[in-house]
Structure formats: structure tokens, C-alpha cells
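These notes are about the structure you will find just below.
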2 protein chains.
Amino acid sequence: MDTSLILQNISKHIQLTPEEEAHFVSLLKPRSLKRKEMLLQEGEVCRYSTFVTQGCLRSYTLDDNGTEHVLSFAPEDWWIADLYSYFSQRPGTLYIEANQPSEVLQLSKDSQEQLYQDIPKFERFFRILIENSLVSNQQRLLDNLSLPAQERYRNFCQRYPSLVNSLPRKQIASYIGVTPEFFSKMMKKMLREQ
Amino acid sequence: MDTSLILQNISKHIQLTPEEEAHFVSLLKPRSLKRKEMLLQEGEVCRYSTFVTQGCLRSYTLDDNGTEHVLSFAPEDWWIADLYSYFSQRPGTLYIEANQPSEVLQLSKDSQEQLYQDIPKFERFFRILIENSLVSNQQRLLDNLSLPAQERYRNFCQRYPSLVNSLPRKQIASYIGVTPEFFSKMMKKMLREQ
DNA sequence: GGCTTTTCTTAACCTAAATTATTTTTTGCC
DNA sequence: GGCAAAAAATAATTTAGGTTAAGAAAAGCC
């Protein structure tokens, strides 16, 4: 189990002693995922926060027509969960699925609560993580309210530069909130114009 | 300065001793706002988290055309801030304005950091506050991606029941992401259909 | 109370994006 | 490498919602 990436991720916000690092690592459960393997489905309780060490996951909902709406992507070095379900430990609405064969480290809700008791610094770490998520989520919401699809695509490229050329276009289309057909037309237009 | 509402708000998530309550209260600065008074403008640094004890505030951006896009409302018992600017202490993009004559209590960023040191329980309190914001913000984003304007309006009514009949319709329209003209047409249609 | 300003409504017209259907291209996989 | 399945492109048609403009209603203010 390779924990260097996650320890580095944590060290961006809090400093841990070697003992604390060891304690944290002991709470992690590694898991391998095949392409298209589901980590979570609608109606299930999200019992883990998941950190991606290799590959890429995505979270999405299905609406009444069965259309997929992508909430987030999690490439290497990102966290992912159905946060409503995770925080409340009630059944959620999100699907979380591996886009590619992936390696992840999982921290259970119980372990996380324990961690807050044992090493209060982690309360700070996860608070900062969530603060950053909230800020970018608010910005994305405002973008969706105020910007045309072209600009939202440009913002997507900023946010996930490593994914622009490796993700199916229909998933990018879903993330920015347009149909694959419209996305295709839009990309052609953007090429023509520059 | 009436602090009963804010202390009650806090007691939903953490228990404070009378001494801790007194310390917390000593950090709060009361402020009165007239209708249309600005608490924050684009380009300014957001130095305070603001708790509304009376009245109602809203946060919004202005786009290139000068069109307003409402991010959030804060009636009594709610918190409001430009979180990007508040967390980073860099110039932000939001306007925060009083919708009506209002009374607020403000906690400066410095005081909040100090509070984390003095009474670590507050780290938990604000973490939970932000967790809840993030969850509802993600849900609103997914609603914007997947639901027609009518459904988004119904969700608005759920979220802010106290505001449905007291807010200018153009602000509600902006919050759900449509023009006032379309909103007016939509409301007429909804009445016809039920 | 009257005057100004803002908000709300209505209606005609317009456009970004959705839908449906078909074909072509790419990808995953044994 | 070949085949099935998924993804992408194209095009015709439709629609949700935007724009423009103008009048009616309501709210704020001395």
C-alpha cells in the first residue's frame, strides 16, 4: 500500500509526527477498482471517504430519464465521497464509479471521527479540505448561472487540466451541463473561431 | 446586543460553558444595516463572518452585462460571507447587501482563528456549518444541471420558506437562474396548472 | 398623500441548447 | 487482429428560456 501521496496531500495543510502518520495510515483500507466498477450506488450509505492514488473516479446522479449528471471527477491526489450520505450516514443519491482501473485508500466515517479525537489536527485538515470544496463549488454554481457553455468548458479545462484529453467527451459535456450533441457542435465552433 | 439567537444557533452543534459563551460573545461586533446598505463589494477583502439576528441579507455577483446573480440569502439565524475572500483574505467577487433594515453580529477572521486556539470545539462547530453548506450547495448545483426552472423554484420554496412571500420576485428568479420575465411567465403557468 | 423609483407583467420575437435519428469513429477486449 | 460496444459527429426539428419594449402595479420616501 503506497501512502506517500496521501501523506504528502495532508502535509500541505497540517504537520504530523511519524507516530501520528503511522496511526493515520493504520486506519486506511486500500482497494483496487476495475474500469466501470462501482464504489457506491444510489440508495446506499456512503461509509468511506476515498482518496485516489492511481486512476480516476467520478460521482454522478441519474435523473428520472436515466440521464447522467456528473458532480465531480477525482483523479490522482483527490478525495471523493457522497458527502450528504457520508456526513449523515443516511442513504445517498450519488453513484461513484471508476473511470479507469484505479487504486484508492479509504477512511471510514468511524475512523475519521476517531481521528478527530486522537489527533485534533485532523479536524483542521478536513475543515480546510471542505472549505476549499465549498469555495470551488460556489464558483461553479455561479458560473452555471452566469456563463455560456463555452466559458464553462474553459473553466473545466482550468480545474482538471490532466483530464481534458483523457475523459470521454460525454462526461465533460455532462459536467458542464450540456448534451453530448451540443458539446460536439460547440467544440467544432470553438475550433473554427480560434 | 442580543446574543441569544447566535448562542442558540451554536448550541445545536456544540455545548459551551458560560465562560466560553462569554468569551465568544466578547469577540462579536454588532452592526445595524439600512435597506440596500452594502456589507461588502467586489474587490474588497471579506474580513468578517456575519450572523443575521434581524432582517435579511443576500450575496450576489454582477456579470459583464451588469446582471445580478444571487448566490445566497441570509434571513434571521443564518450566516453569510464571501467565503473565497474570507478564507484566503484576498479580494473577492461577491456583493453582500441588506435586503431590509437588518441587525447582524460579526466575527472577524482573526477572532475566528483565535477562537480555534482558545476553544477547539469551535473548529468542530464551523466545520459542521461548512459541511452543511457544501452539501446543500452540491444539491443546488445538481438541481441546476438536471431540473427545469419550475422544479428549482419548488426547491427554493423548501429551502427558504420564510422568504418566498417577502422577497422581490426578481431576486428569486435570479437565485433559480432565470430572468424576471421568464419567471413571471412561469408563475402564471404554474397557477393555471394547479 | 403625492411623487419617484423600482418591480412586475405582458407580448412579440429570438436563440442557445435539447431532442431525435442516423452514420461514423473509437475503444475495450478475447 | 477482429468484433462488439460505446462514443462521437452530423443534421433536422423542437423547445425552454432569453431579449426587447412598453405599460401597470407596487413600494419607498419626503
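A, B, ... follow the sequence lines: proteins, then strands. Residue 1 opens every chain.
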Once you round it to whole Å, what is the distance between [atom2] of [N] and [atom1] of [X]?
X      : N      : atom1 : atom2 : result
B/K34  : D/dC29 : NZ    : C1'   : 14 Å
A/N165 : C/dT27 : CG    : P     : 12 Å
A/L145 : D/dG17 : CG    : C1'   : 14 Å
A/L191 : D/dT10 : CG    : P     : 11 Å
B/K189 : C/dA11 : NZ    : P     : 16 Å
B/Q100 : D/dA27 : CD    : P     : 13 Å
B/E151 : D/dA16 : CD    : P     : 13 Å

Between the protein and nucleotides 4-7 of chain D, list the N/O to N/O atom pairs that are separated by less than 3.5 angstrom.
{"residue": "D/dA7", "atom": "OP2", "partner": "A/K170", "partner atom": "NZ", "Å": "3.3"}

Show the distances under 3.5 angstrom between N or O atoms of the protein and N or O atoms of nucleotides 16-22 of chain C.
{"residue": "C/dA17", "atom": "OP1", "partner": "A/A149", "partner atom": "N", "Å": "3.4"}
{"residue": "C/dA18", "atom": "OP2", "partner": "A/T179", "partner atom": "N", "Å": "3.0"}
{"residue": "C/dA18", "atom": "OP2", "partner": "A/T179", "partner atom": "OG1", "Å": "3.2"}

Is the closest basic N to carboxylate O distance between [X] and [Y] below 4.0 Å?
X      : Y      : result
A/E103 : A/R31  : no
B/K170 : B/E181 : no
B/E131 : B/R127 : yes
B/R58  : B/E97  : yes
B/D82  : B/R47  : no

Problem set entry | Verdict with reasoning, B/E151 to B/N155, per side-chain hydrogen bond (donor to acceptor under 3.5 Å, both in side chains) | CA-CA 6 Å; B/E151 298 303 315; B/N155 290 346; over 6 Å; no
Problem set entry | Whether over 12 other heavy atoms sit under 6.0 Å from A/K34 NZ | no
Exercise. To the nearest 10 degrees, what angle separates the axes at the start and end of the helix from C/dG1-D/dC30 to C/dC30-D/dG1, five pairs each?
Worked result: 70°
For this session: Look at the aromatic rings of A/W79 and A/F126 and report parallel, tilted or perpendicular, splitting at 30° and 60°.
Result: perpendicular
For this session: Quick one: sort the A/F156 and A/F73 rings into parallel, tilted or perpendicular, breaks at 30° and 60°.
Result: perpendicular
Exercise. Can a cation-pi geometry be assigned to A/K109 and A/Y86, taking NZ or CZ under 6.0 Å from the six-membered ring centre and within 45° of the ring axis?
Worked result: yes
Exercise. Can you check whether B/D63's main-chain N or O pairs, donor with acceptor, with A/S146's side chain at less than 3.5 Å?
Worked result: no
